[in-house]
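All residue numbers refer to positions in the sequence shown, counting from 1.
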Amino acid sequence: MLNKYPLWKYAIILAVLVLGVLYSLPNLFPADPAIQIQGAEAGVQMNDTTLQRVEQLLDDANIDHFGAELNEQSLLIRLNSNEAQ
């Protein structure tokens, strides 16, 4: 069986398809609303007290949240909806 087109044309089509799939992959993951809190000045350290205070403020305001990540210089709170954010 003879190919109707040269091999390089098939390679270009394949490359474009692969790039298109890679470009569209981020759309497969759902949005993850979150709030990131950092200190006003450089070098401010976040600690467990700050985390507990923020979670208490969110609970008092009836804002649903499901996760928190504490780093040395920032605090990331994950929320359930964009409206809560």
Side-chain angles (χ1 to χ4, degrees):
M1 182 170 149
L2 296 172
N3 284 340
K4 189 174 182 180
Y5 298 106
L7 182 62
W8 65 271
K9 287 186 180 181
Y10 289 115
I12 287 176
I13 292 171
L14 182 65
V16 168
L17 287 175
V18 168
L19 288 175
V21 168
L22 288 176
Y23 185 73
S24 66
L25 279 179
N27 294 325
L28 298 177
F29 298 102
D32 189 14
I35 298 174
Q36 184 176 8
I37 301 171
Q38 292 181 333
E41 299 175 5
V44 173
Q45 300 291 320
M46 294 288 160
N47 53 25
D48 289 331
T49 306
T50 308
L51 174 62
Q52 291 172 358
R53 183 172 178 214
V54 169
E55 287 181 336
Q56 183 62 40
L57 289 171
L58 290 171
D59 290 338
D60 291 345
N62 292 326
I63 297 175
D64 293 329
H65 59 283
F66 65 89
E69 293 178 19
L70 180 63
N71 297 331
E72 291 181 7
Q73 297 178 355
S74 67
L75 175 64
L76 184 70
I77 305 289
R78 298 190 187 280
L79 303 170
N80 291 328
S81 67
N82 288 332
E83 291 81 20
Q85 185 182 18

From [X] atom [atom1] to [Y] atom [atom2], the distance as rounded to the nearest 0.5 Å:
X     : Y     : atom1 : atom2 : value
Leu76 : Asn71 : CG    : CG    : 8.0 Å
Asn47 : Leu70 : CG    : CG    : 7.5 Å
Glu55 : Asp48 : CD    : CG    : 9.5 Å
Met46 : Glu69 : CE    : CD    : 14.0 Å
Tyr5  : Ile12 : OH    : CD1   : 13.5 Å
Ser81 : Ile63 : OG    : CD1   : 9.0 Å

(message) Exactly one of Val54, Leu79, Leu75 should register a side chain to side chain contact (heavy atoms under 4.5 Å, CB included) with Ile35. Which one does?
(response) Leu79
(request) Step through the shown structure and confirm whether more than 12 heavy atoms of other residues, nucleotides or ligands are within 6.0 Å of CZ on Phe66. (result) yes
(request) Determine, using the 4.5 Å side-chain heavy-atom cutoff (strictly less than), whether Leu28 and Leu17 are members of one ILVMFWY cluster. (result) no
(request) Would you check if Ile77 and Leu51 make a side-chain contact, meaning some heavy-atom pair closer than 4.5 Å? (result) yes
